[in-house]
There are 2 protein chains.
Amino acid sequence: MTPAARRVLEAAGRLFYERGIHAVGVDLIAAEAGVTKKTLYDRFGSKDQLVVEYLADRDERWRACLDARLDTCGSPSDRVLAVFDVSREWMDATSPRGCSMVNAHAEIDDPSHPAYAIITGQKQWMLTLFTDLVRPLVPTGADFLGRTLMLLHEGALVAFGLRVLPGALEHAREQAEMLLRTAAAAS
Amino acid sequence: MTPAARRVLEAAGRLFYERGIHAVGVDLIAAEAGVTKKTLYDRFGSKDQLVVEYLADRDERWRACLDARLDTCGSPSDRVLAVFDVSREWMDATSPRGCSMVNAHAEIDDPSHPAYAIITGQKQWMLTLFTDLVRPLVPTGADFLGRTLMLLHEGALVAFGLRVLPGALEHAREQAEMLLRTAAAAS
DNA sequence: CGCCAGGTATACAGATCGGTCTACTTTTCT
DNA sequence: AGAAAAGTAGACCGATCTGTATACCTGGCG
């Protein structure tokens, strides 16, 4: 990726996330990136493709960030709770408006849109991740607990983005910890 | 509200929800409502105002639908679980793409936008509702359990809308039932 | 040296956007 | 009956949208 293309992707990512995809025009993206529209279209081809690469980029960085942290965790339960910790830091640092995938989904209704697979794929991956993380702790009932954790986590992202519960991630983490304890005690 | 205005609001609501607010133009809304643009502007003044009334209308109908059901419930725990039941029916009937408030929030970044208060207000109301509903069951710790239920519920709406967990509402209800049981047993 | 990818600057195209306007007709209510 | 309100039909405005075209410049590389 050329330096100009990187600047375009950075500007597009920031603007798409802050203002919404349809509310941001390619002219503005080009201007913010300090690039002409021709360069933008030479590198990305279309706005739709730029949207796809924006989401793919965020997805990739999120998974890398999460994977790196999980590798440093000792116990299985630590790994589960670390997901909430990383999410909290991620939100505080760069995502005051909630999950970019959820927000993008609100603007993209067409399931045949290439961005749709990225959005759905990340959520599916998160569900599988939670389920796999709790399997060593509760071999029977990992599916159930995994789903609950997924819903708690997703709800926390939304509540945080809506500013209706600023400590949403911390609360979700605490509730998750309690669920892990009772599940471990029962098995 | 005049008959034409009602048709406009119905068409706008359907299109805004299905395709997103910014993706739908006033010309399309007027055409779908079988109304001229002049009538639309005579009744609503601007697209922004139409968006506000769209959200206010859905908010009002949702609260009325929920309140009506809650009145028919006997025990406090039935009332909590009824929220998930009503949500499930609401989603199945008219909202395959998740919560309209969350989706609208993805497209409206400005907190000074009049629609912002409606969005935040509904979520705040839901949080208070859950907290109040569980207070008779767990006088101490109603805040904590109320928040957890709110996150579970919100996460279920998102997961359902993303089609990543079709039975999200049912799962959330089942998990809520378990939480209510253990909370009641502990107190 | 010459080539060419990557870039700037800018004008342009066609469509659509939100919003206004005039002129006329229909409904509704007193 | 008659006036006010609500509606249709449709042209029009300026701005903005995605996307393309032409002409020129610049740095690195064989």
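To find a chain, count down the sequence lines: A is the first, B the second, and so on, and within it residues start at 1. This structure is a prediction, so every number in the text was calculated from the model and none was measured.
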Might you work through the side-chain hydrogen bond (donor to acceptor under 3.5 Å, both in side chains) test for B:Thr39 and B:Thr36, ending with a clear yes or no? CA-CA 5 Å; B:Thr39 299; B:Thr36 56; 3.2 Å; yes
Taking only heavy atoms on the protein side, list every residue of residues 36-57 of chain B lying under 4.0 Å from any atom of DNA chain D, sorted numerically. B:Thr36, B:Lys38, B:Thr39, B:Arg43
Closer than 4.0 angstrom, basic N to acidic O: yes or no for A:Glu32 and A:Arg14? yes
B:Arg58 to B:Tyr17, cation-pi by 6.0 Å centre distance and 45° axis angle: yes
Step-by-step salt bridge (charged side-chain N to carboxylate O under 4.0 Å, His left out) determination, B:Arg19 to A:Glu107: CA-CA 7 Å; B:Arg19 309 189 192 180; A:Glu107 298 200 71; over 6 Å; no
Span of DNA chain C engaged by chain A, first through last nucleotide within the 4.0 Å heavy-atom cut-off, is C:dG6 to C:dA9
Would one find more than 12 heavy atoms of other residues, nucleotides or ligands at under 6.0 Å from atom CD of B:Glu60? no
Should A:Phe144 and B:Leu180 be counted in the same cluster of Ile, Leu, Val, Met, Phe, Trp and Tyr side chains packed under 4.5 Å apart? no
Among residues 1-20 of chain A, which contact DNA chain D at a heavy-atom distance under 4.0 Å? none
Basic-acidic side-chain contact under 4.0 Å: A:Glu18, A:Arg97: no
From CG (B:Leu162) to CE (A:Met126), nearest 0.5 Å: 12.0 Å
So which atom in B:Cys73 and which in B:Arg79 form the shortest heavy-atom distance, rounded to 0.1 Å? O-NH1, 3.2 Å
Is the shortest side-chain heavy-atom distance between A:Asp48 and A:His113 below 4.5 Å? yes
Could you tell me if the side chain of B:Tyr41 sits less than 4.5 Å from the side chain of B:Gln49, heavy atoms only? no
Charged N to carboxylate O below 4.0 Å: is that the case for A:Arg135 and A:Asp132? yes
Could you check if a side-chain atom of B:Thr120 sits within less than 4.5 angstrom of a side-chain atom of A:Arg163, using non-hydrogen atoms only? no
Residues forming a ring pair (Phe, Tyr, Trp, His ring centres under 6.0 Å) with B:Tyr54, sequence neighbours excluded: B:Phe16
Of all nucleotides in DNA chain D that come within under 4.0 Å of a heavy atom of chain B, which is furthest toward the 5' end and which toward the 3' end? D:dA6 to D:dA9
Give, ordered by number, those residues of residues 22-31 of chain A having at least one heavy-atom distance below 4.0 Å to an atom of DNA chain D; if nothing qualifies, reply none. A:Val24, A:Gly25, A:Val26, A:Asp27
Geometric class of the A:Phe84/A:His153 ring pair [parallel <30°, tilted 30-60°, perpendicular >60°]: perpendicular
